[in-house]
Q: 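Dropping the structure in here first, questions after.
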Amino acid sequence: MDAVCLEKVTKRYDSFDAVSSLTMNIKEGAVFGLLGPNGAGKTTTIRMIVRILIPDEGSVRVLGQPLSDRTQDLIGYLPEERGLYRQMRVLELLRFLGALKGLPEQESEHRARVWLERLGLSARLNDEINNLSRGMQQKVQFIAAILHKPTLVILDEPFTGLDPVNAAVIKDVMLELRSQGATIILSTHRMDQVEQMCDSICLMNKGQKLLDGDLKAIKKSYGNNTVRMEFVGDPAFMQLPDVVERINSYGEMVDITLRQGADAQQILRSAVGRGVQVRRFELMEPPLNDIFIQKVSERNA
Amino acid sequence: MRKIWLVFKREYITRVRTKAFILGTLALPLLSMSILVISILLSAGSSPFTAKIVIMDEVGGLGAPVQKALTQNERASKPDVEIVQIVEHPSPQIEASFNSQVSSGALDGVLVLPKGLLNERASAQFHAKSVYAMALMGRIERAVSSAVLSRRLAGDEKQVGAIKNMLQLAQVQLVNLSHEKTEDQDNSNFAIALIAGMVLYLTLIVYGVATMHSVMEEKSTRMIEILVSSIKPFDLLTGKIVSVGAVALTQYAVWAVTVGVLFASASSVTRFLRPGAVAPEVHLQPTLLIWLVVFFLAGYLLYSALYAAAGAIVSTDDEARQVQMPLTMLIVCSFLLFNVVLNDPNSTLSVVLSITPFLSPILMTLRVAMQTPPLWQIALSLVLSILTTIWVIRISARIYRVGILMYGKRPSLKELRRWLRYS
């Protein structure tokens with residue numbers, strides 16, 4: 001059974017279609033990456049899944065059922081726009097939000113205590129939200145999204161604003177939820193996180209699907225067409241128009257996309273011939289970042 | 001239903017424990033307590049306080065009749081006015097020395113009857129310092145004019161009969177005002193109607209705006225997205241409106257109980273503060289209280305739904321002020337029409353206004369407080385109000401549903417119409 005099933009879903013606004021005829025299936029028990037540039041329609045899509053928006057056309061099913069009050073309680077949602085009632089106390093707020101998702105109030109409070117303890121907030125139980133730092137507020141909001149043990153967890157940019165330590169804690173919790181059988185939808189711009197965590201992805205642009213499927217399969221379909229190099233010396237050795245299609249430079253490191261059928265060894269020979277000192281030379285699948293940029297610019301051209 | 005209850009509970013608890021609510025709730029009882037105490041202390045009727053007054057009679061022979069008129073009809077055991085001395089044709093030095101006694105507090109007042117008083121070339125003067133003596137002004141005025149009149153009458157035999165008749169009439173009217181029960185009742189009804197109207201007017205605005213800010217808070221803190229992913233917008237709106245209304249009713253209940261206890265104990269408070277004084281009486285009909293609550297609810301539901309929609313379409317306080325203007329004007333309209341209804345609660349205009357939706361909550365309450373209008377009018381007014389409310393809530397809920405997720409520019413009326421078609 002699919003955790004989420006969108007069938008030709010369209011959401012129209014006055015002047016444009018935020019999402020047009022989108023069909024997408026998300027397998028149960030996977031971490032699913034929803035990718036796309038700004039304004040691609042990711043947030044609109046998510047809002048339709050959590051029933052904040054109602055699609056103009058098409059159908060949305062969650063865990064095999066059409067959306068209803070019951071499916072609402074099975075979903076946990078961390079919106080991209082962060083914010084909580086400022087005047088409420090941490091424990092009180094989590095108790096309320098848990099209860100709103102169908103937990104008995106006592107149980108909600110109990111679970112909130114456990115999670116606050118785990119995320120290092122147990123000293124702030126009775127502080128007003130106002131008095132927490134942004135990072136702490138974000139952790140409280142994350143707890144609110146998972147407090148009721150949702151079967152489907154939707155996280156919109158969960159790591160922005162978190163330091164590496166806290167980001168790692170959140171990541172661990174996410175993977176733990178998946179191992180317990182939950183499905184996780186992750187919407188983000190950070191390709192490195194997607195590559196680390198996601199099993200499958202959907203790449204959106206201008207309200208439409210560009211590409212979707214199993215992440216490994218997608219990458220494999222591009223083949224080992226990328227050379228990752230680190231070197232010291234003149235970068236002129238890379239000017240091999242017959243071999244090199246594109247170069248992405250990251251300072252110390254470059255990713256070189258090869259023309260179809262080209263031989264990567266030619267680059268290495270050219271470098272050695274010019275006396276460049278090569279520290280790293282790796283033939284690999286293209287990074288997701290490249291696929292993303294290539295796909296989006298192809299479509300926009 | 002459970003979720004509406006959760007929203008209700010959260011809103012209610014966070015609202016009731018704010019300082020603004022606690023202060024607002026205590027303000028009215030404190031205010032009416034101080035009004036009660038002041039009115040007891042100031043009540044001129046009869047008091048243990050005796051004003052010592054000296055009369056400077058520059059006319060001659062007028063002092064005695066004024067004294068007689070002032071001190072007759074003394075109701076209480078202790079006289080509240082004592083004429084210490086009557087000085088005929090005083091010299092300026094004597095007048096100055098008595099005036100300085102008033103300043104020093106040895107005397108409470110000096111009444112000067114100047115030479116031109118009889119032919120209206122000058123008016124009598126009363127020099128006084130204390131508040132109690134000031135309160136005697138009305139009686140002094142009456143005493144002086146009655147003495148002056150008798151003096152004038154003495155010179156003109158022909159008009160004696162006619163003028164005495166006129167005086168008689170005037171006196172009958174006087175008696176009526178202060179002693180007849182029905183007139184009294186009318187006066188206190190008028191006051192109660194005015195107070196009831198003001199209370200409704202203020203609470204409708206205060207709690208309407210509170211609903212609006214509550215919607216705006218969820219928008220500005222972005223809480224709304226978490227909420228709407230867990231509960232239907234209509235349920236959220238319902239929980240919110242009902243809870244703000246319950247907060248208002250809580251405040252009403254506290255006010256009703258404290259003010260009720262206060263006035264019920266008015267006579268003992270009076271005995272404590274000023275033995276012998278007459279306690280102020282308030283005739284409050286319990287039915288009025290019930291109608292007050294009913295019409296508050298009708299008006300509140302109508303206006304808070306509008307205010308909630310207003311809160312949903314704006315993002316900043318500036319925009320909020322602009323949008324709430326027309327709504328507040330609607331309520332102010334009722335306030336401006338107070339006079340029409342108070343002057344003649346049974347005129348066709350008053351009846352029509354008190355049945356008109358949006359105006360009816362306040363204006364019908366006024367009429368109920370003044371006197372009991374026919375039941376069919378009350379019922380019609382309520383039914384029309386409820387029908388309007390249902391219609392308004394439907395429209396507001398749609399605007400709310402779309403508006404809560406919109407940030408940035410305030411929508412134009414044309415866009416609003418389109419919002420109505422979305423959801």
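All chains are named by letter (A, B, ...) in the order of the sequence lines, taking the proteins before the strands, and each is independently numbered beginning at 1. Everything numeric in this text was worked out from a predicted model, so none of it was measured.
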Q: What are the two closest heavy atoms between A:Phe96 and B:Leu6, and how far apart are they?
A: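 Nearest heavy atoms, A:Phe96 then B:Leu6: CE1-O, 3.6 Å.
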Q: Got more than 12 heavy atoms from elsewhere within 6.0 Å of CZ, B:Phe234?
A: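 Incorrect, the count does not exceed 12.
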Q: So which part of A:Leu97 gets closer than 4.5 Å to some heavy atom of chain B, the side chain, the backbone, both or neither?
A: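 Contact with chain B is through the side chain of A:Leu97 alone.
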Q: Side chain, backbone, both or neither: which part of A:Leu93 has a heavy atom under 4.5 Å from chain B?
A: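 It is the side chain, since no backbone atom gets that close.
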Q: Is the count of non-hydrogen atoms from other residues, nucleotides or ligands lying under 6.0 Å from A:Arg190 atom CZ greater than 12?
A: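 Atom CZ in A:Arg190 is not crowded, with 12 or fewer foreign heavy atoms closer than 6.0 Å.
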Q: Using modelled atom types and a 3.5 Å cut-off, is there a donor and acceptor pairing between side-chain atoms of A:Arg51 and backbone atoms of B:Val228?
A: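 Judged by distance alone, no pair lies under 3.5 Å.
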Q: Report the C-alpha separation of B:Arg2 and A:Glu105 in whole Å, then their side-chain angles, then the decisive distance to 0.1 Å, and conclude whether the salt bridge (charged side-chain N to carboxylate O under 4.0 Å, His left out) test is met.
A: CA-CA 11 Å; B:Arg2 194 183 97 93; A:Glu105 288 188 72; 5.6 Å; no
Q: Is there side-chain contact between B:Glu225 and A:Asp156, with at least one heavy-atom pair below 4.5 Å?
A: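 The answer is no, as the side chains (C-beta and beyond) never meet within the 4.5 Å cut-off.
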Q: Closer than 4.0 angstrom, basic N to acidic O: yes or no for A:Glu81 and B:Lys219?
A: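 Salt bridge flag = no for B:Lys219 with A:Glu81.
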Q: In terms of heavy-atom pairs under 4.5 Å with chain B, which of A:Ala144, A:Ala145, A:Ala99, A:Gly102 leads?
A: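 If we count pairs closer than 4.5 Å to chain B, A:Ala99 comes out on top.
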Q: Could you tell me whether a side-chain N or O of A:Gln72 sits under 3.5 Å from a main-chain N or O of B:Ser229, the two making a donor and an acceptor?
A: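 Such a contact is found between A:Gln72 side chain and B:Ser229 backbone.
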Q: What heavy-atom pair brings A:Leu100 and B:Lys3 nearest, and what distance separates the two atoms?
A: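 Taking A:Leu100 first and B:Lys3 second, the nearest heavy atoms are O-CE, 2.9 Å.
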Q: So with a 6.0 Å cut-off around CZ of B:Arg17, is the heavy-atom count from everything else above 12?
A: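 Enclosed.
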Q: Just so I understand: if I count every heavy-atom pair under 4.5 Å between each of A:Ile154, A:Ile129, A:Asp69 and chain B, which residue has the most?
A: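 So the answer, after comparing A:Ile154, A:Ile129, A:Asp69, is A:Asp69.
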Q: Can you tell whether the side chains of A:Glu92 and B:Arg10 come within less than 4.0 Å, N to carboxylate O?
A: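 Answer for the salt bridge query: no.
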Q: Nearest 0.5 Å, what's the OG-CD1 distance between B:Ser230 and A:Ile75?
A: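 B:Ser230 OG to A:Ile75 CD1: 9.5 Å, rounded to 0.5 Å.
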Q: Is the number of heavy atoms from other residues, nucleotides or ligands within 6.0 Å of CD (A:Gln106) greater than 12?
A: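 No, because the 6.0 Å sphere around CD of A:Gln106 holds 12 heavy atoms or fewer from other groups.
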Q: A:Arg86 and B:Glu217: salt bridge (charged side-chain N to carboxylate O under 4.0 Å, His left out), yes or no, with the steps?
A: CA-CA 9 Å; A:Arg86 297 196 191 98; B:Glu217 188 205 359; 6.0 Å; no
Q: Closest heavy-atom contact between B:Met223 and A:Gly83?
A: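 Taking every non-hydrogen atom into account, SD-O, 3.9 Å.
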Q: Counting only heavy atoms from other residues, nucleotides and ligands, does the tally under 6.0 Å from NE2 of A:His110 exceed 12?
A: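 No - once you tally the heavy atoms of other residues, nucleotides and ligands closer than 6.0 Å, there are 12 at most.
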Q: I need the B:Ile226 CD1 to A:Leu84 CG distance, nearest 0.5 Å.
A: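 One finds 5.5 Å between CD1 of B:Ile226 and CG of A:Leu84.
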Q: Considering only heavy atoms, which portion of B:Thr14 lies under 4.5 Å from any heavy atom of chain A: side chain, backbone, both, or neither?
A: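 Contact with chain A: side chain only.
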